[in-house]
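Starting from 1, each residue takes its place in the sequence as its number. In this text, all values refer to a predicted model and were calculated from it rather than measured experimentally.
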Amino acid sequence: YYFLAGGKESPSIIASVETCNVYYWLLFFALFPIVGLLSIYSARVLFHEYSDLIAVGYCFQANELQWNKRNLIRLTLVAFFIGLAAGLVGIGGGGVFSPVFL
């Protein structure tokens with residue numbers, strides 16, 4: 001994003017992007033559908049891999065995460081709200097999200 005829009009010290013590679021003009025906000029809001037599509041794609045890949053494991057009769061261990069639809073939706077929502085909270089507070093999302101994986 002900052003590569004295209006520029007920042008305080010670095011100019012935009014697109015000449016007409018200045019802070020808070022129309023192109024700046026178009027680039028900013030273009031991030032949301034891109035991130036949403038990447039999330040949907042990742043969830044589909046995980047679900048298909050999970051379905052393939054079920055189809056071949058894979059036996060999951062008790063501590064192994066199963067990527068069924070319920071867990072995918074839950075983890076996506078948790079990631080969204082953790083990212084939102086981390087952005088609002090100004091801390092890294094990894095510091096908040098890491099305990100979820102433990």
Transitive ILVMFWY side-chain link L65 to L72, under 4.5 Å:
yes

Counting neighbours of CZ on F81 that are heavy atoms of other residues, nucleotides or ligands and sit closer than 6.0 Å, is the number greater than 12?
no

Throw together a table of side-chain donor-acceptor distances under 3.5 angstrom for residues 46-55, partners on residues two or more places apart or in other chains.
residue	atom	partner	partner atom	Å
Y50	OH	Q66	OE1	3.4
S51	OG	F47	O	2.9

Looking only at heavy atoms, which two atoms of N68 and N71 are closest? And how far apart?
OD1-N, 2.9 Å

Partners meeting side chain to side chain contact (heavy atoms under 4.5 Å, CB included) with F32 (sequence neighbours left out):
F28, F29

Test side chain to side chain contact (heavy atoms under 4.5 Å, CB included) applied to N63 - qualifying residues, sequence neighbours left out:
Q61

Would Y58 end up clustered with W67 when hydrophobic side chains under 4.5 Å apart are linked, directly or stepwise?
yes

Do L27 and W25 share a hydrophobic cluster, counting only Ile, Leu, Val, Met, Phe, Trp and Tyr and linking them when any side-chain heavy atoms are less than 4.5 Å apart?
yes

